[in-house]
Amino acid sequence: MQELEKSYDASKVEANIYKQWLDSGYFNPDNLTCEKDAKHYNITLPPPNVTGTLHLGHALMLVVEDALIRFKRMQGDRTLWLPGTDHAAIATQSKVEAELQKKEGLSRHDLGREEFLKRVEAFAQNSHSTITAQMKAMGASVDWSRESYTLDQTRSRAVKTAFRRMYDLGLIYQGLRIVNWDVKGQTTISDDEIIREDRPGKLYTFRYSKDFPIAISTSRPETKVGDSAVAVHPEDTRYTQFIGKEYDVLFCGTKLHIKIVADESVDPLFGTGALGVTPAHSSIDWDIAQKNNLPHKQIIDERGRMLVEGSDLHGKKVLEGREFVVEWLKSQELLEKEEDIVQSMALAERTKGIIEPLPKEQWFIDVNREFSLPHSEISGIETGELVSLKRLMRHVVESGQIKIVPEHFEKIYYHWIDNLRDWCISRQIWYGHRVPVWYDSEGKHALPEEKTIHLARHAQCEGNAANILPGPDSKLTDLGRNQAKQLADNLRGKNITKIIASPFTRSQETARIVALELGLPEQQIEIWDEVQEIHVGNLVGKKEDPNLHDFAQAQKEGTGESLESIEKRVQQSIEKLESLKTEGSVLVVAHGGFNAVFMATLEGKKKEQYVAFRTKVGNIPNASFTTLTIVQDPEDSNLRQDNDTLDTWFSSGLWTFSTLGWPNNTQDLQDFHPTTLLETGYDILFFWVARMVLMSTTLTGQVPFKTVYLHGLVRDSDKQKMSKSKGNIIDPLDMVTKYGTDALRIALVFNTAAGTDIAFDEQKVKGMKHFANKLWNIARFVMSNVDKVEWSHKPNTDADREILGKLQATINSVTEHLEHYRLHEAAQSIYQFTWHEFADVYIEASKAQLLDETNKQNTKEVLFHTLITTLKLLHPFMPFITEHITSILSERNLRKHTEPLIVSKWPEA
RNA sequence: GGACGGUUAGCUCAGCUGGUAGAGCGCUUCGUUUACACCGAAGAUGUCACAGGUUCGAGUCCUGUACCGUCCACCA
């Protein structure tokens, strides 16, 4: 027997343990042996942005989610933790742009859309590899076979479908609005992407002209050439006499028509109490203009230059324009006051460029419009009931269908909803989902359409009847011909207008029978090579073995078709289907193996998934079919697609269900939606959590998740936000290298409550490394004293009884705390027990007991039982070391069961 | 301006449904007894921000004050 090292070295075991878990397949719920009525428990990973690497905040997220997932998996739930990444449109694009500028001195326009997007894709790929490697290092037990990306094909279908459906509901509209235009980034950004910075500025007070009755104050005199009104408070007695009057003035060489209007939003105490209304360059002014039917005139362009035809101002930069106007005011003796003030400037979060409010055609989601909810499983709201998005979002939390932990965030959520304005979803950037709207020459809209396809397997052929793998020429049997008729019967009323068949005889025959039965002319049958069965090479004619996955076997022997080739064919057939024009729906008559891959691809699963499908489920029955949805873009060379892309949160808003194959009604969607838990940082409650609620309730009629758990932000030891510029960033992998993953993991949740920020302290991680070492040595002690266990632990001494009692109390409290998301309490409880009860008290007592013949055996058993239970309780927090010790116990034949700890049974509370 | 948190041992924080305060780190003293010095034993430090109130009893509930922090809105 190999001597165990005196101290635990995490770096030697972790990678190996993770590989064992991967090989076991236990991260995938399809491979778990659960009770028939096992509960489903699933978390969809908040997808990290592909903008670089994971930070400590991500590490915390992974730790919390992994701990809960491992806990539930051990409790016997059918557990799914679905991973993925987010394309993070603006963030990623601006990162690549900055790099491009720095390294090559080029802008994205120099490269062109296509070439630039290639660069971004390459960058995203690179980030993706780094991120997945980091997640593996953290021990995340995610199901990689279901990994998703917010910009991949399956998610793209979901985005187009979502857009189309919401457009049809009247929730998505195009409109001219004042948007936040980022001059530097050349794009619109949302209110949430703005940061404010105090900067010194000047407040000018003046009149438009000598005879104008009211003086106004502004910090942006250059915009005043776009004014069409002066607004005053309706009860401001200084000005009431002027309300409704109109004036023509010549301001700085430009003719203006100014109307005096009353508006409640004007603060009589600010400046002169009169506000010059510039509808095109201020959202408040825009609102006032709308209310009073005032015209707007754009006088600043997208590049931040003055747009005043026929004036000396034209073409000047904004700041030059300001100086010009001020000089003019001075020369005309119109300037009454010039004060120094501090202005809070609106800047774009990503580019730090100044925000110029501009009127632009944008796509919006209307949050107030009432619409008839197409489908509802939400209690308190009927299918077809008139609701607004705001009401939906509020209702599901108010009614308790979504719980937020910690609870006080519910108030913040309501407050946000109450102040919510229409959501601008279009962006003038290139990286992202392109707005799925096409325009004809008259500007009319065309949108993608959902198409139904029925994917069938051919009827029984001679090869099937003989239970061998058939070649291309195998004909239908009599039974097969009847099955084909039956298939046609089942498809009646589905309005099939086109049939696609593979070149194989059995498929063509089936197709012809169906066509005949449905009265469809034979010309409507198309033969596609792409949909033929996966080649099994020299296994053709051999006996089919249900225990052997024939395609995989043929691949292994080198005579079968490669996975790459199959995937390519499937991909091509999907593309062909998506551009196939026909009035009704399409029937594809293909093959068992091919169909399995086809469905998995459409649902966005990985190849492991359909290989597993084939081995587990076996063949799809002859002549059975599945109904699937694909999305067809409008195709007409006269149509021009919108140039804008969608806000990244549009696609991440669909995340809980797009990752499960929506809009197809997949088994995953039925099993795992609504998801059980959403765990994320409180900083994206509005950006993301609220938007998922909006999208999910509207499109699926379900809440996206039942519980939201919000964790705090990880800050540095001085409670400062970690950022590159401060140079206080700590790379989680550095901590992993130094102290081991387990130490980092438990340190992150130890003594930190949900929703509160964490001051990260390296000392704490170090302490937890010591704890790991303590556990290691407890195990060494137990193993050195326990050779054979009778599995009938009978306490015999006071010490025995006491430790078992404490152990049970610990099981209860850890379980209870975990059930209620109090990970910090759970971790503390098991830490306390392990070190200060088990090690300090019982192990010390056991030393004497082991020397005493009457107590020797019971002591061994209590030691062993306590160790194995401790390992289980610690597993969610410290998965590597606990699994490692368990595997040594198994090797030494000390355990009754030898299954890995990850799927061992959680101790009964 | 609005909202939401926080204020507990030297530091970082926990304290779930109210019952005379806990953890980690740090500190002091002692101890190399073959699981562990990445250790053990013993120990010190708190009118739980302040002022009222409810209660037999409040760190825990209510009201107010002060300070710190975060978010949202506005800043013409």
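Chain A is the first sequence line, chain B the second, and so forth, proteins listed ahead of strands; every chain is numbered from 1.
- For B:A41 and B:G59, the C1' atoms lie 32 Å apart once the distance is rounded to whole Å.
- For A:R715, the side-chain atoms get nearest to B:U70 when compared with the rest of B:C36, B:U70, B:G15.
- In this structure, A:I216 and A:T205 have side chains that are not in contact, with every pair of non-hydrogen atoms separated by 4.5 Å or more.
- Counting only heavy atoms from C-beta on, A:H415 has its side chain closest to B:G2 among B:C38, B:G2, B:A35.
- To the nearest whole angstrom, the two C1' atoms, one in B:U7 and one in B:U65, are 13 Å apart.
- Not a single donor-acceptor contact under 3.5 angstrom links the side-chain atoms of A:E844 to the base of B:A41.
- Rounded to a whole angstrom, the distance from the C1' atom of B:G15 to that of B:A21 is 9 Å.
- As rounded to whole Å, 17 Å separates atom C1' of B:G2 from atom CD1 of A:I417.
- Within the shown strands, B:A66 is the pairing partner of B:U7 under the Watson-Crick or G-U definition, both distances less than 3.5 Å.
- Between the P atoms of B:C39 and B:C4, the separation comes to 46 Å (whole Å).
- When both distances must be under 3.5 Å, the Watson-Crick or G-U wobble mate of B:U17 does not exist.
- In this pair, A:Y208 and A:F212 present their aromatic rings perpendicular. The plane angle is above 60°, beyond the 30 to 60° band.
- Of all nucleotides present, none satisfies the Watson-Crick or G-U wobble test against B:A73 with each distance under 3.5 Å.
- Ring geometry for A:F242 versus A:Y239: interplanar angle of 30 to 60°, hence tilted.
- Using a 4.0 Å heavy-atom distance criterion, A:D267 is classed as a base contact.
- Checking the phosphate oxygens (OP1, OP2) of B:G24, a side-chain nitrogen or oxygen of A:H836 falls inside 4.0 Å.
- Distance, A:I885 CD1 to B:A35 P: 17 Å, rounded to whole Å.
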Please report the C-alpha distance between A:E336 and A:R207 in whole Å, then the side-chain angles of each, then the deciding distance to 0.1 Å, and finally whether the salt bridge (charged side-chain N to carboxylate O under 4.0 Å, His left out) criterion is met. CA-CA 8 Å; A:E336 296 178 4; A:R207 289 166 205 263; 2.7 Å; yes
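- Note: A:W286 and A:H281 fail the aromatic proximity criterion, with ring centroids not under 6.0 Å apart.
- Taking the ring axis of A:F364 as reference, the NZ or CZ atom of A:R177 stays within 45° of it and closer than 6.0 Å to the ring centre.
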Under the side chain to side chain contact (heavy atoms under 4.5 Å, CB included) rule, what do A:N292 and A:K259 come out as? Steps first, then yes or no, please. CA-CA 10 Å; A:N292 294 282; A:K259 187 176 178 184; 5.6 Å; no
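- Atom CG of A:L203 is separated from atom CD1 of A:I341 by 5.0 Å, given to the nearest 0.5 angstrom.
- Taking a pair to require two hydrogen-bonding distances under 3.5 Å in either a Watson-Crick or a G-U wobble arrangement, B:C39 pairs with B:G31.
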Counting primed atoms plus P, OP1 and OP2 as sugar-phosphate and everything else as base, spell out the protein contacts along nucleotides 5-13 of chain B at 4.0 Å heavy-atom distance: B, S or - for each nucleotide, 5' to 3'. S------SB
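- Straight-line distance from the CZ atom of A:F833 to the P atom of B:G22: 20 Å, rounded to whole Å.
- Residue A:K847 places at least one side-chain N or O under 4.0 Å from the OP1 or OP2 atom of B:A35.
- Base-pair partner of B:C48: not found among the strands shown (Watson-Crick or G-U wobble, both distances under 3.5 Å).
- Summarising the geometry, the separation between OH on A:Y413 and C1' on B:G2 is reported as 20 Å, rounded to the nearest angstrom.
- Distance A:D287 CG to B:C74 P: 10 Å, rounded to the nearest Å.
- When the nearest nucleotides of RNA chain B are assigned to A:H817 and A:W835 by heavy-atom distance, the more 5′-ward of the two goes with A:H817.
- Among the protein residues, A:S219 comes within range of the sugar-phosphate backbone only, with heavy atoms under 4.0 Å from sugar or phosphate atoms but none that close to a base.
- No engagement by A:S784 is indicated, since no non-hydrogen atom pair under 4.0 Å with the nucleic acid exists.
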For A:T797 and A:D800, what are the C-alpha separation, side-chain angles and deciding distance, and is it a side chain to side chain donor-acceptor pair (under 3.5 Å)? CA-CA 5 Å; A:T797 65; A:D800 290 351; 3.1 Å; yes
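- Considering only side-chain atoms of A:H824, the nucleotide from B:C38, B:C4, B:A14 that sits closest is B:A14.
- A:I284 comes within contact range of the sugar-phosphate backbone alone, with a heavy-atom separation under 4.0 Å but no base atom that close.
- Among the protein residues, A:V277 comes within range of no part of the nucleic acid, since none of its heavy atoms lies under 4.0 Å from any strand.
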Please set out all donor-acceptor pairs under 3.5 angstrom arising from side-chain atoms of residues 407-417 of chain A, sequence neighbours excluded.
from	atom 1	to	atom 2	distance (Å)
A:E410	OE2	A:I404	N	3.2
A:Y413	OH	A:M393	O	2.8
A:Y414	OH	A:E398	N	3.2

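- Ring pair A:F838/A:F833 is parallel by interplanar angle, where below 30° counts as parallel and above 60° as perpendicular.
- In this structure, a donor-acceptor pair under 3.5 Å is present between the side chains of A:K224 and A:T278.
- As judged by a 4.0 angstrom heavy-atom cut-off over every strand, A:R822 is placed among the base-contacting residues.
- With rounding to whole Å, A:K721 atom NZ is found 12 Å from B:G69 atom C1'.
- Separation of the P atoms belonging to B:C50 and B:A9 is 11 Å when rounded to the nearest angstrom.
- Nucleotide B:U12 is matched to B:A23 when pairs are restricted to Watson-Crick or G-U wobble geometry with both distances under 3.5 angstrom.
- When rounded to the nearest whole Å, the span between CD of A:E816 and P of B:U17 equals 12 Å.
- The pairing partner recorded for B:G59 is none, the criterion being a Watson-Crick or G-U wobble arrangement whose two distances lie under 3.5 angstrom.
- To the nearest angstrom, P of B:A73 lies 8 Å from CD1 of A:I194.
- Comparing the P positions of B:U8 and B:U47 gives a spacing of 12 Å, expressed to the nearest Å.
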May I have the step-by-step check of side chain to side chain contact (heavy atoms under 4.5 Å, CB included) for A:T882 and A:D742, ending in yes or no? CA-CA 9 Å; A:T882 51; A:D742 290 325; over 6 Å; no
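- B:U55 and B:G1 have their P atoms separated by 37 Å, with the value rounded to a whole Å.
- Near RNA chain B, defined here as any heavy-atom distance below 4.0 Å, the residues from residues 769-779 of chain A are A:K769, A:H770, A:N773, A:K774, A:N777, A:I778, listed numerically.
- Comparing A:Y8 and A:F686 by the nucleotide of RNA chain B that holds the closest heavy atom to each, the one mapping nearer the 5' end is A:Y8.
- Spacing of P atoms, B:U17 relative to B:C61, comes out at 8 Å, to the nearest Å.
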